[in-house]
Amino acid sequence: MTLENKHILIVGGAKGMGLATARMAAEAGAKVTITARTKPSLDTALSVLPDSVAGVKLDFTDAASVERLAAAVPALDHLVLSASSNVAWGPFADVDESGLRAAFDAKFWGYWRVIRALAPRIARDGSITLLTGAAARAAMVGTSGLAAVNGALEAMAKTLAVELAPLRVNTVSPGMTATEAYAGMPAEAREGMFAGAAAGLPVGRIGAPEDIAGAILMAAANPFLTGATLDVDGGAHLAR
Ligand SMILES: NC(=O)c1ccc[n+]([C@@H]2O[C@H](COP(=O)([O-])OP(=O)(O)OC[C@H]3O[C@@H](n4cnc5c(N)ncnc54)[C@H](OP(=O)(O)O)[C@@H]3O)[C@@H](O)[C@H]2O)c1
């Protein structure tokens with residue numbers, strides 16, 4: 001189980017879990033390419049990663065941008081999808097149709113578009129790992145929109161594991177993890193939310209990006225793992 005000299009493309013690798021995955025993969029000897037939506041975001045990430053890491057601009061809501069990515073990455077061993085933006089967060093009655101459609105347009109259709117474009121370019125003994133989220137199966141109040149988007153990806157991934165075989169397809173389902181995803185919140189509200197979530201978890205803390213990155217790289221490297229969903233959520237998926 002090694003990623004040494006393997007080419008791993010990390011969509012959303014400029015921040016959060018994707019960035020931690022890029023760092024750990026490069027340290028493991030992989031050839032790493034990351035994507036971000038803008039050049040400043042790419043440059044910021046590349047400045048803290050080993051020199052060997054490459055960057056490509058991608059907005060996966062734009063089909064032409066996905067085509068440019070495919071042209072820039074003609075061959076790879078492992079694809080990791082760790083990007084997210086519009087999130088349909090909130091009570092069912094408060095998430096309107098346009099909000100939920102925007103969430104699907106971003107994450108579901110973005111992942112779908114990238115997989116469609118790149119799957120034929122992935123080595124047959126390689127893998128695809130999709131980041132989903134504990135809300136997909138944990139039935140947590142206020143997360144029906146997250147459940148719908150991430151549940152759709154988990155369902156699709158299992159079918160892809162059979163249809164695209166021997167290429168392996170797995171999902172990693174994180175729980176609440178301290179990343180740039182929460183950077184827009186006032187610090188006090190964010191820390192309060194993190195503390196509340198931590199108190200409700202068996203492990204007593206929320207996730208760090210490295211917790212998730214370790215599972216992503218295990219899913220990519222393990223040649224006997226496919227069609228699996230790894231819950232890396234501090235126990236959030238357990239009934240309590
Ligand atoms: N953090 C959590 O608590 C949590 C919990 C459960 C599941 N998840 C899931 O875990 C994954 C990683 O989350 P994270 O918190 O590490 O994310 P993050 O820190 O917010 O980073 C998101 C990355 O996605 C990229 N991105 C956003 N919109 C994009 C688009 N339209 N096209 C291409 N790239 C785009 C961003 O690009 P730029 O660098 O250009 O901004 C950024 O690099 C996501 O799938 C998320 O839904 C997160």
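Keep in mind that the numbers below use all heavy atoms, side chains included, and drop hydrogens, waters and symmetry copies. Indexing begins at 1, ligand by ligand and atom by atom, following the structure's order. Everything quoted here is computed from the prediction, not taken from an experiment.
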Of the choices Pro209, Gly207, Ser84, which has the non-hydrogen atom that lies closest to atom 27 (C) of ligand 1?
Ser84
Which residue from Ile206, Thr179, Leu153, Leu58 reaches closest to atom 15 (O) of ligand 1 through any of its heavy atoms?
Thr179
With atoms numbered from 1 as shown, which atoms in ligand 1 lie under 4.0 angstrom from a non-hydrogen atom of Thr61?
31 (N)
Measure the distance from atom 5 (C) of ligand 1 to every protein heavy atom, then report the residue, atom name and distance (to 0.1 Å) of the closest one.
Gly175 O, 3.3 Å
Pair Arg205 + Asp211, salt bridge at N-O below 4.0 Å:
yes
Which ligand 1 atoms are under 4.0 Å away from a heavy-atom of Ala36?
39 (O), 40 (O)
How about Thr171 and Thr229: does a side-chain donor come under 3.5 Å of a side-chain acceptor?
yes
Counting from 1, what ligand 1 atoms have a heavy atom of Tyr111 closer than 4.0 Å?
45 (O)
Per-atom contacts of ligand 1 with Met176, taking only distances under 4.0 Å to non-hydrogen atoms:
3 (O)
Could you point out which residue of Ile115, Leu58, Val11 forms a side chain to side chain contact (heavy atoms under 4.5 Å, CB included) with Val66?
Leu58
Where ligand 1 meets Ala181 - atom numbers and elements under 4.0 angstrom, heavy-atom basis:
15 (O), 19 (O), 20 (O)
Looking at ligand 1, is there an atom of it that comes within less than 4.0 Å of some heavy atom belonging to Ala45?
no
Protein contact to atom 11 (C) of ligand 1 [nearest heavy atom, distance to 0.1 Å]
Leu131 CB, 3.7 Å
Sole residue of Thr21, Val232, Ile10, Leu230 in side chain to side chain contact (heavy atoms under 4.5 Å, CB included) with Ile216
Thr21
Could you tell me if any non-hydrogen atom of Pro174 lies under 4.0 Å from any atom of ligand 1?
yes
Determine, considering heavy atoms only, which of Ala103, Ala183, Ala83 sits nearest to atom 24 (O) of ligand 1.
Ala83
Should Glu154 and Lys158 count as an ion pair when the cut-off is N to O under 4.0 Å?
no
Proximal atoms of ligand 1 relative to Gly16 (non-hydrogen, under 4.0 Å):
16 (O), 19 (O)
Mode of Thr132 contact toward ligand 1 - side chain, backbone, both, neither (heavy atoms, under 4.0 Å):
backbone
Atom 1 (N) of ligand 1: nearest protein contact (heavy atom, Å):
Thr177 O, 3.2 Å
Subset of ligand 1 atoms that lie under 4.0 Å from at least one heavy atom of Ala14:
39 (O), 43 (O)
Going by an N to O cut-off under 4.0 Å, is there a salt bridge joining Arg113 and Asp62?
no
Ranking Arg37, Lys15, Lys107, Met17 by closest non-hydrogen atom to atom 16 (O) of ligand 1, top hit is Met17
Mark up the atoms of ligand 1 that fall under 4.0 Å of a heavy atom belonging to Ser41, in ascending order.
38 (P), 39 (O), 40 (O)
Consider ligand 1: state whether an atom of it lies below 4.0 angstrom from any non-hydrogen atom of Ala106.
no
